[in-house]
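All heavy atoms count here, side chains included; hydrogens, waters and symmetry mates do not. Every chain is numbered from 1 and lettered A, B, ... according to where its sequence line falls, protein lines coming before strand lines.
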Amino acid sequence: MTRETRFGALAADARWQAAWESANSFATTETGDAKDSGRPKAYILEMFPYPSGRIHMGHVRNYAMGDVLARFKRMTGHDVLHPMGWDAFGMPAENAAMEKGVHPNGWTRANIDAMRGQLKRLGLAIDWTRELATCDADYYGQEQALFLDLFAAGLVTRKESYVNWDPVDMTVLANEQVIDGRGWRSGALVEKKKLSQWFLKITDFADELLEGLKSLDQWPDKVRLMQENWIGKSQGLEFSFRLAGGAPGFDVFTTRPDTLYGASFAAISPDHPLAERLAKDSPELAVFIAECRRQGTSAEQLETAEKLGFDTGLAVEHPLDPDWHLPVWVVNYVLMDYGTGAIFGCPAHDQRDLDFARKYDLAVHRVIADGDEDGQVFHGDEAYVGTGRLVNSHFLNGMGIDEAKAAVIARAEHEGWGKGTTVWRLRDWGVSRQRYWGTPIPFIHCPACGLVPVPKGQLPIVLPEDADFSVPGNPLDRHPTWKHTSCPSCGGEALRETDTLDTFVDSSWYFLRFASAPADKPFDPAVIARWLPVDQYIGGIEHAILHLLYARFWTRALQRIGMVDIKEPFASLFTQGMVTHETYSRAQGEGLPPLYFTPDEVTRTAEGATLDADGAPVEVGRVIKMSKSKKNVVDPDAILDQYGADAARWFMLSDSPPERDLPWSEAGIEGAWRFVQRLWRLFGESENTGDGGEDIALARKLHRAIAVVAADIEALGFNKAVAKIHALANDIEKAEPSATRAEACATLILLVAPMMPHLAEEAWAGLPDARRTTDLVADAAWPAVNPALLADDEVTIVIQVAGKRRDEITLAKGLDKEAVEAAALARPRIAELLGGAAPKKVIVVPDRLVNIVP
RNA sequence: GCGGACGUGGCGGAACCGGUAGACGCAGCAGACUUAAAAUCUGCUAUCCAUUUGGGUGUGCGGGUUCGAGUCCCGCCGUCCGCACCA
């Protein structure tokens with residue numbers, strides 16, 4: 001067979017993908033247990049995609065990274081689990097059903113088929129036998145079983161509550177899914193609606209989920225911090241105010257019980273039951289409350305919102321001095337759904353209270369002083385929130401803040417009017433969705449027996465195939481027959497629950513099902529124990545809170561009921577950056593949005609860009625995340641057709657650090673393509689041994705590259721690994737033919753194999769048998785490093801004079817300081833600079849540099 | 001407002017633990033090969049002065065610690081991200 005002078009990527013991609021498939025190369029080695037196989041396990045997982053229909057460049061980047069790691073782990077002797085599946089339930093399928101009249105199942109399955117095909121073209125080392133879609137009855141039936149287990153354990157509740165109702169999607173949203181008062185998917189303004197809802201008691205785990213973050217030392221600090229803020233633990237005092245006259249009042253929560261003597265008013269939320277009660281007899285208050293509710297919740301509105309209040313005329317007794325009465329106001333800045341919906345106002349030491357007090361001319365008393373400022377009247381418009389000592393506070397005077405907090409709590413508990421308590425920002429997870437395309441909640445409403453769990457033997461509760469999607473609302477609820485059933489308990493007529501589960505439930509345990517998927521139960525705990533936790537999880541930062549917090553909760557919930565013995569599902573998390581592209585647009589005149597063009601429609605030059613259709617310039621905009629609306633998208637299929645999988649993968653891994661955004665460019669992919677071809681030519685020289693001699697300098701470079709590339713891949717520093725491989729290729733090309741050079745060419749195949757697997761296979765197949773340890777490079781081992789070749793025996797030492805680089809010498813490695821110093825001072829150039837004078841001081845850093853202070 | 005991250009050539013970025021700043025790639029310039037183009041190869045490419053050898057400046061800005069700072073400390077400026085009347 002004569003060797004092609006160009007690497008034919010398209011044919012090679014197909015050839016090797018077929019070869020891997022028929023050799024079953026990426027099937028998981030079931031032992032997965034160092035005890036049995038002697039090999040460590042590596043569970044490499046990328047967040048599974050939603051089957052929207054087409055993959056995008058973000059997927060390519062995400063899966064290329066995971067794939068490099070999975071292939072590298074195989075090469076370094078691990079049993080690897082690297083699966084793929086589909087987060088297949090959710091709104092878009094139902095929207096498609098409504099808009100195009102296709103069934104959600106058919107739409108979803110077709111999308112999965114299309115995307116699977118696209119992913120396979122990337123040549124991913126995935127064990128496709130473990131593929132799952134969350135809309136498989138196999139999968140969601142087991143999810144129903146888990147839901148029943150959690151119910152039995154008291155971790156599922158049903159409560160009547162105000163919910164976030166998305167009027168466009170006609171569904172309920174979790175708090176986390178409401179962004180600036182709008183639905184995260186539809187963008188519609190969210191309304192408050194009272195409904196009976198299913199909840200998972202994530203708040204039971206608030207403390208554990210917070211504490212657990214400390215153990216996740218291989219997670220980005222940023223994500224841990226975001227979760228910590230989300231959980232929002234505050235410790236303080238909860239106490240009751242009595243209305244003056246002795247009538248029962250209301251409870252307040254504060255994190256600053258130390259400032260109680262600085263109180264000058266009490267404030268309740270417009271949604272507080274007391275405010276609502278008072279409003280019945282006060283039309284003015286009713287008007288005020290209505291205005292507060294109209295007030296928006298978006299960032300800008302809150303920023304500029306004025307503190308407004310309504311004096312109820314009521315007064316409450318100060319808990320530490322019953323003769324001291326505080327006026328009760330209804331104010332717009334106290335939220336009903338945090339703490340108790342009521343506070344005491346201490347204007348001197350809380351900015352919001354101070355703004356409010358200044359507006360309504362209320363007393364402002366200093367109770368914390370950081371120096372000699374101890375007058376009772378507080379001046380200025382900036383609250384003092386720093387440290388200090390208590391003043392004007394009777395028995396607290398002179399105490400530090402923490403001491404005073406403890407003293408007030410102790411006194412409250414002793415006298416019985418309050419207690420130390422912890423308040424969380426985290427709410428229970430509302431999982432009810434009034435949708436068709438989700439996991440049916442396995443419960444039955446019986447008029448006689450009430451709420452009855454579906455017996456496990458009757459699972460899965462399958463979605464009906466015939467459903468009407470022509471109008472908004474829940475197709476399950478209006479289905480003519482599906483919800484009618486009999487009660488498992490009394491046998492009488494009963495109705496099925498028609499809510500389905502939030503899709504974040506589906507993604508809270510898919511990583512377990514990948515590891516173990518028996519037919520008769522959700523998973524086999526013994527197999528889970530072998531594979532979990534996931535060793536490397538890779539996905540977008542957009543899941544920092546929702547998905548990752550829910551999955552952590554679900555895992556802990558399963559641990560509590562004894563089904564798994566891990567607390568945290570993901571040992572190491574990596575959040576990759578987005579793929580971005582510049583935009584091309586033309587202004588369309590006043591008031592109109594600009595007209596955007598796709599990269600295909602435009603010719604880009606160094607100076608600017610012109611539209612192919614008319615040859616006139618278009619405006620080159622900022623580099624931003626690829627999005628359909630800005631038309632700055634590049635279709636992976638087109639790239640694969642033109643350049644093949646390896647060039648696409650290589651470019652995705654080059655240049656930008658993986659956690660940062662990657663600017664896509666035509667020049668960049670061209671560069672990757674050229675490098676693929678260059679390597680192909682280089683690999684072709686692998687048998688050119690010249691005179692057969694050794695090239696020790698090249699051998700050193702080779703072995704250093706083997707070690708450094710391995711370390712870079714291990715640390716997910718793909719851009720650095722790419723740079724090192726480039727440098728090594730340069731070095732090999734410059735070297736004269738030799739046995740070492742031939743060996744280096746062959747070894748380079750292995751170094752690029754995780755990133756460019758098709759090219760590697762093609763080149764590997766061209767090697768003589770003597771050089772090939774395995775038929776497929778996919779089964780080959782990572783090259784061994786010869787430690788003796790890692791270090792040079794000579795080093796270049798820089799000579800500085802007064803901290804400035806003036807000269808350099810090459811010396812044997814490991815010389816002692818005196819010898820290095822003498823060698824440096826002996827240099828004519830250094831002697832000249834010193835002008836004959838003895839140096840004041842000489843610093844020698846072994847094998848690195850000499851700094852001479854004249 | 002609170003919290004966090006980041007500022008290095010024309011661009012993406014590299015630089016171990018404080019020790020040669022700009023690796024590697026892209027773009028650009030010059031040259032070789034070619035009838036020509038593509039492809040490929042070679043060289044140059046932070047900046048200013050001298051242009052042969054060298055010297056000055058330079059990692060957002062201003063200070064500081066140190067023999068030595070992109071890296072550590074203090075204070076600014078800018079960009080991006082997250083949260084948000086959370087009591």
Only pairs with both distances under 3.5 Å count, Watson-Crick or wobble alike; so what is the partner of [N] in this structure?
N: rG18(B); answer: none
N: rA38(B); answer: none
N: rC2(B); answer: rG82(B)
N: rC11(B); answer: rG25(B)
N: rU59(B); answer: none

Side-chain N or O of [X] versus OP1/OP2 of [N]: is the shortest distance under 4.0 Å?
X: K841(A); N: rC67(B); result: yes
X: R848(A); N: rG68(B); result: no
X: R674(A); N: rA27(B); result: yes
X: N229(A); N: rA84(B); result: no
X: R352(A); N: rC86(B); result: yes

Margin query: Is rG82(B) syn or anti, taking syn as a glycosidic angle within 90° of 0?
Written below: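 Judged by the O4'-C1' to base torsion, rG82(B) sits in anti, the angle falling more than 90° away from 0.
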Note to self: Checking understanding here: a glycosidic angle within 90° of 0 is syn, the rest anti, so what is rC17(B)?
What the structure shows: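 rC17(B): syn.
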Interatomic distance, [X] [atom1] vs [N] [atom2] [rounded to whole Å]:
X: E666(A); N: rC11(B); atom1: CD; atom2: C1'; value: 16 Å
X: H272(A); N: rA87(B); atom1: NE2; atom2: C1'; value: 13 Å
X: R806(A); N: rG68(B); atom1: CZ; atom2: P; value: 14 Å
X: I541(A); N: rC80(B); atom1: CD1; atom2: P; value: 17 Å
X: Q677(A); N: rC41(B); atom1: CD; atom2: P; value: 11 Å
X: E808(A); N: rG54(B); atom1: CD; atom2: C1'; value: 15 Å
X: F675(A); N: rU40(B); atom1: CZ; atom2: P; value: 13 Å
X: K804(A); N: rG19(B); atom1: NZ; atom2: P; value: 18 Å

Nearest-Å distance once atom [atom1] is located in both [N] and [M]:
N: rC81(B); M: rC29(B); atom1: P; value: 35 Å
N: rC41(B); M: rC33(B); atom1: C1'; value: 8 Å
N: rA14(B); M: rC2(B); atom1: P; value: 31 Å
N: rU53(B); M: rU34(B); atom1: P; value: 33 Å

Do [X] and [Y] come close enough that some side-chain heavy atom pair is under 4.5 Å?
X: C346(A); Y: R256(A); value: no
X: M65(A); Y: L716(A); value: no
X: N730(A); Y: R678(A); value: yes
X: E736(A); Y: R741(A); value: no

Note to self: Is it true that, when you exclude E542(A) itself, more than 12 heavy atoms of the residues, nucleotides or ligands shown sit nearer than 6.0 Å to its CD?
What the structure shows: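 Buried by this count: over 12 neighbours within 6.0 Å.
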Item checked: E619(A), CD atom: more than 12 neighbouring heavy atoms under 6.0 Å ->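 No, because the 6.0 Å sphere around CD of E619(A) holds 12 heavy atoms or fewer from other groups.
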Check: Do N632(A) and T583(A) meet the criterion of a side-chain donor-acceptor pair at a distance under 3.5 Å?
Finding: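 Side-chain D/A pair, N632(A) to T583(A): absent.
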Margin query: Under 4.0 Å, counting only non-hydrogen atoms across every strand here, what does V331(A) touch: a base, just sugar-phosphate, or nothing?
Written below: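 Result for V331(A) = nothing.
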Margin query: Using a heavy-atom cut-off of 4.0 Å across all strands, would you classify N719(A) as base, sugar-phosphate, or nothing?
Written below: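 Here N719(A) touches the backbone only, sparing every base.
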Check: Does K307(A) get its side chain close enough to the base of rC85(B), under 3.5 Å, for a donor-acceptor pair?
Finding: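 When only heavy-atom distances are counted, K307(A) does reach the base of rC85(B) through a donor-acceptor pair under 3.5 Å.
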Note to self: Nearest heavy atom decides the nucleotide; on that basis, is V798(A) or V722(A) closer to the 5' end of RNA chain B?
What the structure shows: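 Here V798(A) is the residue nearer the 5' end.
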Note to self: Which is more 5' along RNA chain B, the nucleotide nearest N851(A) or the one nearest T255(A)? Just name the residue.
What the structure shows: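 First, find each residue's nearest nucleotide; the 5'-ward one identifies N851(A).
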